[in-house]
Amino acid sequence: MSNKPGFWARNEFLIRRLHSLTGLLPVGAYMIVHLLVNSSVAVSPETFQRSVFSIHALGALLPLVEWTFIFLPIMFHAFLGLAFTFGASPNYTEYRYNSNFRYTMQRATGLLAFVFIAWHVFHMHGWIHNDAWRHLIAGYGGMFHPYNAATSAAHAMQASVLYPVFYTVGVLACVFHLSNGLFTMGITWGIWISPKAQHGAKLVTGVFGLGLALVGITSIVGLYTLKNFAEIREKENTAYELLVETGDIPADPEKRDLSADESLDEAPPFEGAAAPKADATEKPAVSE
C-alpha cells in the first residue's frame, strides 16, 4: 500500500494561498464595487440606474465576465473556506485570546456570508432562469430587473420587514470577513510580521471595515426608504428606451420589469403580499 501523500497534502500550501488571494482578488474587490454601486441609490435612483446600465452595456460578454471574475471565484473561495472551517479549531494555549477571537469570527462570518450570498442571489436574481423559478422568487417579493434597477431592488427590499434586518446582518458579516481577512492575509503572506506593523495593519483594516460597513448600510437604507415608485419607474423606462435607441445598451425585455406600466407609486405591503395593480388602461399616479 502506497504511503504517497494525497493531492490535498501535496498542494495544501498553494491551495491555502489561492484561497487567501481570491478572497482579495477578485471576490473582495467585487464586493467593494458592488456595495459602492448599490449605495449610489441613496444619492439618487438615476445615479444607481446609470451605474447598472454601464455594467449591462457589456451585453453578451456579461455572463462570461460574471462567471470568470465573480461566480467561479466566489464558489472556489466559499467551498474551500467551508472545508477549512470544519477541519480546524482555535488554539487557546498557544495564541492570545484576541487572535483566537478573530480566528473564530473569521470562520463564523464566513458561514454567515455563505448563507447570505446564497439567499441574496436567490432573492434578487434566482438560481435558475426560467418562468417557473421567477414566479417562485416573486412570491418572496424578490427579483431584480437591471433596466428597472432602483424600483425593482427597492420592491424586493421592502417586501418584508425582515429583509432589511437580514441584509444588514449579511452585509456586516461579509464586511468583517473581508476586513479581518485582509489583516490575517498580511500575516500569512509575510507583509506585516512585527507587533508594531500588525498593530498598524489592525487599525487600517478596522477603519476600512467600518467605512465599508457604512457604505453597505447606506445601500440598504436607500432601498428600504425609496418612494415614488411610479415616477422613478417612468424615468427608468425612458432612459432604457433612449439608450437602446442610441445603441449604448442592447435591447433585452427580460432585464426589465414588464409590469412597469401597471406599477403603483407605493412599495408593496410587508410580508410579501403583492401590491394591487392599477388598471392597465390608466397611467399610474405619480406622488408629489
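Counting begins at 1 with the first residue of the sequence.
With a 6.0 Å radius and a threshold of 12 heavy atoms from other residues, nucleotides or ligands, His199 has its NE2 atom at or below the threshold. In Phe122, the CZ atom is crowded: over 12 heavy atoms of neighbouring residues, nucleotides or ligands sit closer than 6.0 Å.
Contact detail for His56 and Pro250: the closest heavy-atom pair is O-CD, 3.8 Å. Shortest non-hydrogen contact noted between Leu182 and Leu24 is CD2-CD1, 3.4 Å. In terms of heavy atoms, His145 sits closest to Arg256 at ND1-O, 3.0 Å.
The other residues sharing a hydrophobic cluster with Tyr147 are Phe53, Tyr240, Leu243, Val244, Ile249, where clustering joins ILVMFWY side chains under 4.5 Å apart. The hydrophobic cluster containing Leu210, built from Ile/Leu/Val/Met/Phe/Trp/Tyr side-chain heavy atoms closer than 4.5 Å, comprises no other residue.
Of the possible polar contacts, none joining the Trp119 side chain to the Tyr167 backbone as a donor-acceptor pair under 3.5 Å is found. Between the Glu236 side chain and the Ala150 main chain, a donor and an acceptor come within less than 3.5 Å of each other.
Rounding to the nearest 0.5 angstrom, the gap separating the OH atom in Tyr103 from the CG atom in Asn100 is 8.5 Å. Atoms CG and NE2, from Leu226 and His155 in turn, are 12.0 Å apart once rounded to the nearest 0.5 Å.
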#### Entry: Audit row: Thr184, Gln106, side-chain hydrogen bond (donor to acceptor under 3.5 Å, both in side chains) steps and yes/no
CA-CA 9 Å; Thr184 56; Gln106 185 68 5; 4.9 Å; no
### Message
For Leu178 and Phe208: C-alpha separation, side-chain torsions, deciding distance, then whether side chain to side chain contact (heavy atoms under 4.5 Å, CB included) applies.
### Response
CA-CA 10 Å; Leu178 174 60; Phe208 164 76; 4.0 Å; yes
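For the pair His177/Met31, no side-chain contact is recorded, criterion being any heavy-atom separation below 4.5 Å from C-beta on.
Under the rule for a ring pair (Phe, Tyr, Trp, His ring centres under 6.0 Å), the partners of Trp67 that lie at least two apart in sequence or sit in another chain are Phe71.
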